[in-house]
Novice: 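Mind looking over this structure? Questions follow.
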2 protein chains.
Amino acid sequence: MAKKNKTTIKDIANVLNISAAAVSKALHNDSRISEKTKKAVRQVAENLNYQPNHLASALRSGKSKLVGVIVPKTNSNFFSATIHNIEEVLNKEGYNIIITQSNESYKKECENIDTLLFTQVDGIIVSMANETVDLQHFEKVKQAGIPLITFDRGENDLNVDYIGIDDYDSSHRIVDHLVEQGCKRIAHIGGFKHTRIYNNRIRGYIDALEKHNLPLEKELLLESNLSTEDGRNKMQELLALDKKPDAVYVAGDYAALGALQVLNEKNIKIPDEIALVGFGDEPFANMVTPKMTSVNQHSYQIGKIAAEKFLEYTKQNQIQQTLQKHILKAELIIRESSLKKK
Amino acid sequence: MAKKNKTTIKDIANVLNISAAAVSKALHNDSRISEKTKKAVRQVAENLNYQPNHLASALRSGKSKLVGVIVPKTNSNFFSATIHNIEEVLNKEGYNIIITQSNESYKKECENIDTLLFTQVDGIIVSMANETVDLQHFEKVKQAGIPLITFDRGENDLNVDYIGIDDYDSSHRIVDHLVEQGCKRIAHIGGFKHTRIYNNRIRGYIDALEKHNLPLEKELLLESNLSTEDGRNKMQELLALDKKPDAVYVAGDYAALGALQVLNEKNIKIPDEIALVGFGDEPFANMVTPKMTSVNQHSYQIGKIAAEKFLEYTKQNQIQQTLQKHILKAELIIRESSLKKK
DNA sequence: ATTATCTGCTTAAACGTTTAACCAAATATT
DNA sequence: AATATTTGGTTAAACGTTTAAGCAGATAAT
């Protein structure tokens, strides 16, 4: 049962009395091999249950046909779905993916890079950890001469492709929507300012307020790590204000959930007393009470484009990457938590 | 920038005027190489920024140092955490993991297996898809001569190691708890009967009822795919009964969430009118209103043991696996949804 | 002084492919 | 008929390691 009967290309060659090289070519559909031979090779390969040795071909060709993916955490629906779509595109082209999690830790992200390079991946697709500020570890990837693609969380300074949604515009649309609902004191529980996407959401929030002639009040703009726990804390801070907000826009669904809990616990009516909007459209957004307005980030498109970008680069022999942004328009999904009955 | 300067073992050998073999041995701390040479080799390796070619060593040694992990979906906290722990143990031993998702699909699971075998993994750790009944695809893994470890969702017939919690016992403890709270009509929204863990939960539920001299009522035992959507449906079915239950034990948190939504929407008081218990202790269990009683599955231990079991087998040269179950006692976490104030 | 053992290497083959270079036979071109 | 081209392969080297076998020189044992 546990014996390795590994059929090789050579075994097939022996059966047919041709060279191993001919078999290799036949399997790769080389034009210099006759249809008859190809057919025979495929037949014998099947009979002997031939499984190509991926390592050998990788060694010889210098391509591992493996793509590394680094995400902060797999247990968010956005990342899980994005990974799935990356996989779908790459599998079709014969690539497999290696998923690693950084757990939002800069140190782990560095280790992830080392791990992936060690594994001889042909490229890396990454969404950066919250903690990451220094970008030195990514230089290793460039030096290895393989393409690097960023999505969701990237940095301009890296000078590589980025795929993400238009965070600035999303904030505008959220504020527009809240203003339309009659809200006048709109708070924002934002992410870390140094992370581009959160910075863009903050900028969008500020500019949108101005557009609507609403004053920007410092006490209504908070910085958070966007965990559920911190969402609770920040919501409590807001409720402790003399002049409470009448709407809260939270830059992440998990933190928004924390905020929602606090509001529910204090019996504050959502959305009538305080309207609530999250970001990310995690499945639970549609499950909590009241159902939460949120922003869908098009994980399908993002994963697809990221994978396609990688494939594009691998077809070039000289990889010369430049900053290339692929910005998608996100979708605001309006639910009970921000929709007032008139 | 994008040039592959790949330092090899041979480059190091040239610098030091020794053979490549000596370098290889020095790097592996072989006893037949002098400390002096080892030191020199390590120094030169560092200077030249030597990165071992994993593929070459894998080809030669027949070990890829890669372990495949197959899970139904990565976006559940249990799987995400388990994967993390598997990774932690295996990374220490120089292994990397390749994560694939079956999306609860039997067909995708078959593809996952092919993908992983193609990638020459040294072993596979799997939690089976809901759909999976036929086990033929796993025979391929055995035939490849690599260890196969199952966790959470496994099957006795596979005759390989299984790590999971004691589902039967967990059901008992849930029912015990609910009876203690004064519940007399306890319903169970269970998973697919053909999946072992769900079957065990059902059996535990039935036996526990008997233990407490409660009648088993057919209308109170439902089979579900445990999605949030179906949780809603099944809860509605239960509410449509002439004699409604006074407690509902749901075999998965996502479905329990659906049930909770329905109860909240209909303003049914939890836990006083109907108590609710979930399973899996997803983070949201602690976030919903009311906070939901659930069962923690010890992802840390499960991942650790699964990885250790794999390592154990790789140390043997003749892999002869037998059914070996590692059953952990789960932890019932009692929260508001089932704790009545007296 | 002779033989045995140990130390610290070297040599060469092997892992299973891919691929550049070559070649004989068949067919086409002039 | 002589030469060129095409067809359908073959040969051999290479990818970067690991490892079994071998071996010279130093040290120890008798």
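Chain letters run A, B, ... following the sequence lines, proteins first and then strands; every chain starts at 1.
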Novice: Donor-acceptor pair, A:Asn91 side chain versus A:Tyr95 backbone, under 3.5 Å?
Specialist: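 Judged by distance alone, yes, a pair lies under 3.5 Å.
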
Novice: CD1 of A:Ile97 to NZ of A:Lys65: how many Å apart, nearest 0.5 Å?
Specialist: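 Going from CD1 on A:Ile97 over to NZ on A:Lys65, the span is 14.5 Å.
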
Novice: Does the side chain of B:Tyr106 come within less than 4.5 Å of B:His137's, by heavy atoms?
Specialist: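 SC-SC contact between B:His137 and B:Tyr106 confirmed.
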
Novice: Looking at D:dT18, I'd like to know if its phosphate oxygens (OP1 or OP2) sit under 4.0 Å from a side-chain N or O belonging to B:Ser24.
Specialist: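 For D:dT18, OP1 or OP2 has a side-chain N or O of B:Ser24 closer than 4.0 Å.
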
Novice: Round to the nearest Å and state the distance from A:Leu16 atom CG to D:dG9 atom C1'.
Specialist: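 These atoms are roughly 13 Å apart.
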
Novice: Report the distance from atom NE2 of B:His28 to atom P of D:dT17, rounded to the nearest whole Å.
Specialist: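 In whole Å, D:dT17 P lies 10 Å from B:His28 NE2.
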
Novice: Within the structure, does a side-chain N or O atom of A:His54 lie under 4.0 Å from either OP1 or OP2 of C:dT17?
Specialist: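 No, no such contact exists.
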
Novice: Do B:Leu66 and B:Asp122 have side chains that approach each other closer than 4.5 Å (heavy atoms only, starting at C-beta)?
Specialist: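 B:Leu66 does not reach B:Asp122 side chain to side chain.
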
Novice: Below 30° counts as parallel, above 60° as perpendicular, anything between as tilted: where do the rings of A:Phe79 and A:Phe151 land?
Specialist: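 Because their plane-to-plane angle is over 60°, the rings of A:Phe79 and A:Phe151 count as perpendicular.
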
Novice: Rounded to the nearest angstrom, tell me the gap between atom CG in A:Asp30 and atom P in C:dT19.
Specialist: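 So the CG-P distance, A:Asp30 to C:dT19, works out to 10 Å.
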
Novice: Which residues in residues 33-41 of chain A have at least one heavy atom lying under 4.0 Å from any atom of DNA chain C?
Specialist: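 Contacts with DNA chain C under 4.0 Å: none.
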
Novice: Not counting sequence neighbours, which residues clear ring pair (Phe, Tyr, Trp, His ring centres under 6.0 Å) with B:His194? List them please.
Specialist: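 Checked B:His194 against ring pair (Phe, Tyr, Trp, His ring centres under 6.0 Å); matches are B:Phe192.
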
Novice: What's the CG-P distance between A:Leu27 and C:dT17, to the nearest Å?
Specialist: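 Between P of C:dT17 and CG of A:Leu27: 9 Å.
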
Novice: Identify each atom pair where a protein N or O and an N or O of nucleotides 11-15 of chain C are less than 3.5 Å apart, giving names and distance.
Specialist:
unit_1	atom_1	unit_2	atom_2	d
C:dA14	N3	B:Arg60	NH1	3.0
C:dC15	O2	B:Arg60	N	3.2

Novice: Let me know the distance between NZ of A:Lys10 and C1' of C:dT17, rounded to the nearest Å.
Specialist: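 Whole-Å distance recorded here is 11 Å.
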
Novice: Can you tell me how far P of C:dA25 sits from CZ of A:Arg32, to the nearest Å?
Specialist: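 The distance from CZ of A:Arg32 to P of C:dA25 comes to 17 Å, rounded to the nearest Å.
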
Novice: Rounded to whole Å, how long is the line connecting atom CD of A:Gln120 with atom C1' of D:dT17?
Specialist: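 In whole Å, D:dT17 C1' and A:Gln120 CD are 11 Å from each other.
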
Novice: Remember a base hit wins even if backbone is also touched, and classify A:Ile18 as base, sugar-phosphate or nothing at under 4.0 Å, heavy atoms.
Specialist: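 The answer is sugar-phosphate, as A:Ile18 gets under 4.0 Å only of primed atoms, P, OP1 or OP2.
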
